[in-house]
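Reading through the structure tokens given below for one structure.
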Amino acid sequence: MSLAYKLAFRNLFHDRLRLIATVIGIVFSIVLVTIQLGLYVSFQRMVTVMIDHTKADLWIVPRGSKFFEDSALLDEHERFRALSVDGVAEAVPVVIGFASWRAPSGGTAPVFIIGSDTRDEGLRPWNLIAGSLESLAVPGAVAIDRSYFDRLEASRIGERAEISDQRVEVVAITSGIRSFTTTPYVFTSLDRARSFTGTAANKGSYFLVRVLQGANVTDVRDRMRARLTNAEVLTPDEFRRRSTNFWLFGTGAGAALFTGAVLAMIVGTAIVAQTLYSSTKDHLHEFATLRAIGSSGAYIHKVIIIQALLSAAIGFCIAAGFGWLVVKITADTALPVVMTLPMTAILLLLTVVMCVLSAALAIVKVMRIDPVIVFTR
Amino acid sequence: MTAPVIEAIDAVMFLGRGASRFEALKSVSVAIAGGELTLLMGPSGSGKTTLLSMLGCMLTPSSGTVRVRDHSTAGAKPEELAKLRRDHIGFVFQSYHLFPTLTAIDNVRLALDVRSENSEQAKQKASDALAMVGLAHKAKSYPRELSSGQQQRVAIARAVIGNPSTILADEPTAALDAENGRIVMSMLARIAQDPTRGVLVVTHDPRIVPFADRVVYIEDGRIVGEERGVADFKHEAMQSQGS
């Protein structure tokens with residue numbers, strides 16, 4: 001094995017304090033990027049969480065709907081028009097809207113009602129950790145997520161409260177169904193949702209369309225678009241894209257998270273570059289000696305880049321540990337930081353790129369060394 | 001004496017810029033032959049180190065020629081100069097310039113490593129080179145664990161391991177006591193017995209003159225004299241080191 005590895009390793013570990021400073025810089029930067037990206041992915045998932053968990057081939061949405069919670073009302077006529085289109089098997093209504101939750105203590109909280117037919121597989125709660133879906137058919141039954149226990153002052157099956165002055169009882173508890181608006185989702189039957197949100201019986205927020213087996217979804221969508229004049233027909237992907245674009249790019253939230261991640265990268269790169277540069281300056285006579293004894297530029301680059309990569313490896317391992325901790329701590333909060341395998345790979349790549357970029361400054365410094373300085377000391 | 005391994009022909013060297021620009025070497029011609037130990041002596045500021053740097057392919061002359069074997073350094077790029085140094089020149093520095101984080105054997109091996117020789121054979125060569133300078137038993141020692149004399153001997157082993165045609169030594173005995181100075185010079189003189197290898201030593205130290213085959217005097221950037229025949233003392237000097 002080339003001595004370049006040993007030299008790089010020893011140079012790095014020779015000055016422990018500087019190594020610690022470098023590693024702190026990398027860890028700080030990568031943890032920050034992890035959190036920003038984790039929030040971004042989490043946000044992205046939350047924005048489309050309802051669309052992702054709805055069993056529908058097509059969505060009939062009010063014209064101009066930008067995201068799931070941005071629903072106006074559709075007339076039942078649109079549903080009948082949809083059902084008359086060739087290839088449509090069913091069009092299931094869903095009603096959504098804001099309402100007020102009142103706990104027995106008197107405390108109130110806004111909630112977001114999601115109502116669909118409990119016998120239908122359209123949009124029902126998932127990730128149940130207590131209770132059952134069948135219980136939602138019981139009058140006054142609702143399902144809540146455990147993330148919002150504190151907000152709703154309810155944490156058990158059987159707890160009672162009021163929504164829009166009507167008595168409700170918690171019959172099912174889910175895990176991880178969070179709203180990006182931080183307003184708790186409350187699942188219930190279609191009729192009760194209409195009642196809680198004051199929606200007329202001939203109205204719906206969305207109609208979830210399932211096509212007949214063997215029918216081409218795109219063809220059915222195109223036929224429906226021609227028939228439905230007061231509503232839009234979207235595939236789940238189209239609706240997902242529209243929601244994501246609105247929240248992440250239309251509102252600037254995504255840009256803010258990205259900017260944060262980029263700033264974290266810049267800060268990290270600057271810290272690593274500074275420490276590598278100063279480490280290189282301290283070893284300048286050694287690099288000059290290498291140059292004097294005939295080392296090629298590539299050999300010196302190798303030593304410095306190995307130093308940078310070693311720093312990256314150490315920094316990334318520690319940062320990954322912190323990242324994992326952040327993911328665990330925030331898992332049950334309203335805004336969890338998400339970490340996926342591809343994200344981890346991206347972060348590793350970013351760490352390596354950051355450290356190698358940082359090494360560039362040190363390399364420029366070393367390549368300007370005049371080997372003659374070996375005679376001056 | 002054999003053909004020159006390095007030579008400067010009418011080499012002129014300007015250093016500095018603007019008002020501080022000066023002529024450090026003025027039409028210098030000097031040749032280092034294989035099988036010969038040449039001393040370059042002169043007062044401070046006379047141009048010894050500049051000449052050494054030029055012959056060592058670290059600087060290229062402002063005009064004139066420097067040849068290493070058959071290669072001229074004129075117009076050579078830094079990478080080409082590095083290759084010339086790698087292939088033909090071994091350096092011994094006044095303050096050794098060993099790598100403090102590497103053991104003695106790794107310091108020696110480094111000179112092969114930069115030539116992309118990093119096999120088991122390279123380790124054996126490094127071991128042999130250390131044995132040649134009498135430090136086989138110190139192979140695993142770090143520079144801080146070695147005396148000044150031992151450090152300089154490691155540096156000599158590093159300089160010769162690549163089998164260069166020229167060894168350039170800059171004040172190799174300046175930081176050593178008389179005894180270690182004699183040991184180091186004796187080694188350099190022994191290396192210079194090889195007819196394919198020339199040794200040039202820059203020094204202020206008159207005590208090492210007896211080890212030289214030739215002494216070249218430089219003053220104010222010019223070669224002002226040359227003395228041969230000092231070799232009469234050389235045999236005696238080397239014998240006193242038991243060689």
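Atoms considered below: every heavy atom in the structure, side chains included; atoms not considered: hydrogens, waters and symmetry mates. Chain letters run A, B, ... following the sequence lines, proteins first and then strands; every chain starts at 1.
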More than 12 heavy atoms from other groups under 6.0 Å of [atom1] on [X]:
X: Arg45(A); atom1: CZ; answer: no
X: Tyr217(B); atom1: OH; answer: yes
X: Phe14(B); atom1: CZ; answer: yes
X: Asp128(B); atom1: CG; answer: yes
X: His204(B); atom1: NE2; answer: yes
X: Lys328(A); atom1: NZ; answer: no
X: Phe322(A); atom1: CZ; answer: no
X: Phe28(A); atom1: CZ; answer: no

Exercise. With sequence neighbours excluded, give me every ring-ring contact (aromatic ring centres under 6.0 Å, His included) pair touching residues 40-61 of chain B.
Key: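 Sorted pair list comes back empty.
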Exercise. Could I get the full list of side-chain contact (heavy atoms from CB on, under 4.5 Å) partners for Val364(A), not counting sequence neighbours?
Key: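 Val364(A) satisfies side-chain contact (heavy atoms from CB on, under 4.5 Å) with Arg368(A) only.
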What distance do [X] atom [atom1] and [Y] atom [atom2] have between them, rounded to the nearest 0.5 Å?
X: Asp370(A); Y: Leu59(B); atom1: CG; atom2: CG; value: 6.0 Å
X: Leu3(A); Y: Lys123(B); atom1: CG; atom2: NZ; value: 8.5 Å
X: Lys6(A); Y: Asp113(B); atom1: NZ; atom2: CG; value: 10.0 Å
X: Leu110(B); Y: Glu286(A); atom1: CG; atom2: CD; value: 10.0 Å

Sub-4.5 Å side-chain heavy-atom contact between [X] and [Y]:
X: Asn11(A); Y: Phe99(B); value: no
X: His285(A); Y: Ser95(B); value: no
X: Arg86(B); Y: Ser296(A); value: yes
X: Met58(B); Y: Val374(A); value: yes

So which atom in [X] and which in [Y] form the shortest heavy-atom distance, rounded to 0.1 Å?
X: Thr101(B); Y: Arg10(A); value: O-NH1, 2.7 Å
X: Ser295(A); Y: Ala82(B); value: O-CB, 3.8 Å
X: Ala292(A); Y: Phe93(B); value: CB-CZ, 4.0 Å
X: Ala111(B); Y: Ile293(A); value: CA-CD1, 4.2 Å

Quiz prompt | Greatest number of heavy atom pairs closer than 4.5 Å to chain A - which of Pro164(B), Pro100(B), Ala159(B) | solution =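 Most heavy-atom pairs under 4.5 Å with chain A: Pro100(B).
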Quiz item: With chain A, which of Leu98(B), Leu52(B), Ile89(B) has the greatest number of heavy-atom pairs at distances under 4.5 Å?
Solution: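 That would be Leu52(B).
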Exercise. Would you please go through residues 62-81 of chain B and name the residues with a non-hydrogen atom below 4.5 Å from one of chain A, in numerical order?
Key: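 Residues of residues 62-81 of chain B touching chain A at under 4.5 Å: Pro78(B), Glu79(B).
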Exercise. Check salt bridge (Lys or Arg N to Asp or Glu O under 4.0 Å) between Lys125(B) and all other residues, then give those that pass, not counting sequence neighbours.
Key: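 In terms of salt bridge (Lys or Arg N to Asp or Glu O under 4.0 Å), with neighbours along the sequence ignored, Lys125(B) is linked to Glu117(B).
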Quiz item: What's the verdict on side chain to side chain contact (heavy atoms under 4.5 Å, CB included) for Thr289(A) and Tyr96(B), showing C-alpha distance, side-chain angles and the deciding distance?
Solution: CA-CA 10 Å; Thr289(A) 305; Tyr96(B) 332 127; over 6 Å; no
Practice problem: Go through the atoms of Ile300(A) and report whether side chain, backbone, both or neither lie under 4.5 Å from a heavy atom of chain B. | Solution: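 For Ile300(A), there is no contact with chain B at all, as no heavy atom is under 4.5 Å.
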Quiz item: Which residue out of Ala4(A), Ala288(A), Ser2(A) racks up the most heavy-atom pairs below 4.5 Å with chain B?
Solution: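 It is Ser2(A).
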